[in-house]
**Q** 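Okay, here's the structure, questions in a sec.
Chain identifiers are assigned alphabetically (A, B, ...) following the order of the sequence lines, protein sequences preceding nucleic acid strands; residue numbering begins at 1 within each chain.
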2 protein chains.
Amino acid sequence: MNTTERVLDAAEYRMRRGGYNAVSFRDLANDTGIKSSSVHYHFPHKEDLGVALVERYAQRFFDVLENASRKAETPKQKIQAFRSVYRMALSDDDAICLCGLLGAEMAGLPGKLVTAVQSFFDANVKWVEQALPETLSKSDRRKWSTSMVATHQGAMMLATSMGDTKLFDTITKHMVDLSTGQG
Amino acid sequence: MNTTERVLDAAEYRMRRGGYNAVSFRDLANDTGIKSSSVHYHFPHKEDLGVALVERYAQRFFDVLENASRKAETPKQKIQAFRSVYRMALSDDDAICLCGLLGAEMAGLPGKLVTAVQSFFDANVKWVEQALPETLSKSDRRKWSTSMVATHQGAMMLATSMGDTKLFDTITKHMVDLSTGQG
DNA sequence: GTCTATAATTTGATAGAC
DNA sequence: GTCTATCAAATTATAGAC
């Protein structure tokens, strides 16, 4: 794998655990086996690194989501695909969503990062909206899609905080059940 | 007001915006009009400061919640009181919940802070559980209470990230409606 | 309780050689 | 692309005077 990607891997690991300010060029250098000045070659400023990281994260997220929902035909199946992608992000990496963490730190982040995180959430909400039954009103779709994103993000945070991954399962299943009329 | 409280005020303001690592002794000293060594007199280590801050935050939160739910008789009224306390924390201070932010950074926080944040969430979940109708099964009460906390935390984060406080209102009203059979 | 002074470490960042 | 060398600033923290 090329160095830029390896730096991003190290940065993602650290940032999804401690946040933006918990990542330093020196840590990334040690993680990657190069010097901090070489990390600066790939990402001159920390803000650049953050933006590249969020963009890669978003790209991957929607790639996986696209794939997971490929065979989904009903709204219910699509929502379940959405849930499964969040679930994988949580248990595969044993960390919360990068944008969930950065979203919490939003007021302390550099401008370009704020925009990138907002784009992720915007696309998230739009995706769920599009997946919901067309029979619902526009405003009902908004209500459900924003609630769905908020609940999934909150569930990740709460489950990780309490050290109980099952909490994520309980909460998000409940939400999906409610949205598909099983609650 | 005494200096310890003024330091905590400054710390809360900063930490609820940028997170644990966005707060420095020197910033707090400047905010409070004393020197950083004097801040250390009140809180020898940063971890102490963080714990004291979370404990004060939790105390105030439940004091306000107690007061807001004092006249509430029905489960619905109690849940609405819960929602209103989160809403006030968001709009009065124009920041998300201290523990919501620290919960997101959990994996990067010192041990005593982790415990303090967990206690806050634990008490949150228990409070909602206790407020729900006794007619519900124990497991249903758990499902609803954890979902309620997750959704409120997620809604705060999402609303702040998108710069749209109304998003919090829409999402949490939807959730409360669902829980009280209005959805 | 607050100050001055200071230490040890970390941080984001740059210049210039190879 | 990576290195050595270096920097200025910031960070947590302590010693000791007042």
Side-chain angles (χ1 to χ4, degrees), chain A residues 1-56 98 101-102 105-114 116-117, chain B residues 1-54 56 98 101-102 105-114 116:
Chain A
M1 207 194 317
N2 71 65
T3 310
T4 304
E5 290 295 309
R6 284 179 32 243
V7 169
L8 287 173
D9 286 347
E12 182 173 332
Y13 184 91
R14 289 181 179 277
M15 210 174 282
R16 283 177 69 181
R17 280 161 186 81
Y20 185 73
N21 293 314
V23 175
S24 84
F25 280 84
R26 248 153 181 107
D27 287 337
L28 300 181
N30 291 336
D31 293 344
T32 322
I34 58 177
K35 296 294 170 182
S36 74
S37 55
S38 301
V39 178
H40 276 285
Y41 168 81
H42 297 278
F43 304 101
H45 306 280
K46 197 176 176 184
E47 185 170 5
D48 307 325
L49 170 68
V51 171
L53 193 52
V54 169
E55 282 173 353
R56 190 185 75 159
L98 174 66
L101 206 161
L102 295 181
E105 294 177 336
M106 210 65 153
L109 297 179
K112 287 177 191 168
L113 247 188
V114 170
V117 173
Chain B
M1 208 192 319
N2 70 63
T3 310
T4 303
E5 290 294 310
R6 284 180 30 243
V7 170
L8 286 174
D9 286 347
E12 182 174 332
Y13 184 91
R14 290 181 179 277
M15 210 174 282
R16 282 177 71 181
R17 279 160 186 83
Y20 185 72
N21 293 313
V23 175
S24 84
F25 281 84
R26 251 164 179 93
D27 287 337
L28 300 181
N30 291 336
D31 293 345
T32 321
I34 58 177
K35 296 294 170 181
S36 74
S37 56
S38 300
V39 178
H40 276 283
Y41 168 79
H42 297 277
F43 304 100
H45 306 282
K46 197 176 174 182
E47 185 170 4
D48 306 325
L49 170 68
V51 171
L53 192 52
V54 169
R56 191 185 74 160
L98 174 66
L101 205 162
L102 295 180
E105 294 177 336
M106 211 66 153
L109 297 179
K112 286 177 192 168
L113 247 188
V114 170

**Q** Of all residues at least two apart in sequence or in a different chain, which pass the side-chain contact (heavy atoms from CB on, under 4.5 Å) check with A22(A)?
**A** N21(B)
**Q** Just to be sure I understand the geometry, which residues of residues 39-53 of chain B put a non-hydrogen atom under 4.0 Å away from DNA chain C?
**A** Y41(B), H42(B)
**Q** Can you measure from CG (L49(B)) to NE2 (H40(B)) and round to the nearest 0.5 angstrom?
**A** 9.5 Å
**Q** Under the salt bridge (Lys or Arg N to Asp or Glu O under 4.0 Å) rule, what pairs show up with a residue in residues 2-11 of chain B, not counting sequence neighbours?
**A** E5(B)-R56(B), E5(B)-R60(B), D9(B)-R56(B)
**Q** Enumerate all atom pairs, one protein N or O and one N or O from nucleotides 3-6 of chain D, separated by less than 3.5 Å.
**A**
residue, atom, partner, partner atom, Å
dC3(D), OP2, K35(A), N, 2.7
dC3(D), OP2, S38(A), OG, 3.1
dT4(D), O4, S37(A), OG, 2.8

**Q** Could you tell me the separation between the CG atom of N21(A) and the P atom of dT11(D), rounded to a whole number of Å?
**A** 10 Å
**Q** Based on the rotation axes of five pairs at each end, what angle does the helix from dG1(C)-dC18(D) to dC18(C)-dG1(D) bend through, to 10°?
**A** 10°
**Q** To the closest 0.5 Å, what do you measure between CG (L98(B)) and OH (Y20(B))?
**A** 11.5 Å
**Q** Rounding to an integer number of Å, can you tell me how far F25(A) CZ sits from dT11(C) C1'?
**A** 10 Å
**Q** For Y13(B), check ring pair (Phe, Tyr, Trp, His ring centres under 6.0 Å) against everything at least two apart and list the hits.
**A** none
**Q** Say you draw a straight line from CG of L101(B) to CE of M15(B); how long is it, rounded to the nearest 0.5 Å?
**A** 9.5 Å
**Q** Can you sort out the partners of A52(A) under side-chain contact (heavy atoms from CB on, under 4.5 Å), two or more places apart, ordered by chain and number?
**A** L8(A), F43(A)
**Q** Whole-Å distance between dT11(C) C1' and N30(A) CG?
**A** 13 Å
**Q** I'd like to check the side-chain contact (heavy atoms from CB on, under 4.5 Å) partners of H42(B); sequence neighbours left out, ordered by chain and number.
**A** T3(B), T4(B)
**Q** For residues 38-54 of chain A, pull every pair meeting salt bridge (Lys or Arg N to Asp or Glu O under 4.0 Å), keeping only residues two or more places apart or in separate chains.
**A** none
**Q** Sequence neighbours left out, what passes side-chain contact (heavy atoms from CB on, under 4.5 Å) with S37(A)? Give chain and number order.
**A** K35(A)
**Q** Taking salt bridge (Lys or Arg N to Asp or Glu O under 4.0 Å) as the cut-off, I'd like each qualifying pair that reaches into residues 21-31 of chain B, sequence neighbours left out, listed once.
**A** R14(B)-D27(B), R14(B)-D31(B)
**Q** Establish, with yes or no, whether the OP1 or OP2 oxygen of dT10(C) is under 4.0 angstrom from a side-chain nitrogen or oxygen of S24(A).
**A** no
**Q** From E105(A) CD over to R17(B) CZ, what is the distance, rounded to the nearest 0.5 angstrom?
**A** 14.0 Å
**Q** Could you identify which residues of residues 10-17 of chain B place a heavy atom less than 4.0 Å from some atom of DNA chain D, listed by residue number, or say none?
**A** none
**Q** Let's go through L109(B) and L102(B) carefully: what are the C-alpha distance in whole Å and the side-chain angles of both, what is the deciding distance for side chain to side chain contact (heavy atoms under 4.5 Å, CB included) to 0.1 Å, and is it a yes or a no?
**A** CA-CA 8 Å; L109(B) 297 179; L102(B) 295 180; 3.9 Å; yes
**Q** Output the rounded distance in Å from CG (L28(A)) to C1' (dT2(D)).
**A** 16 Å
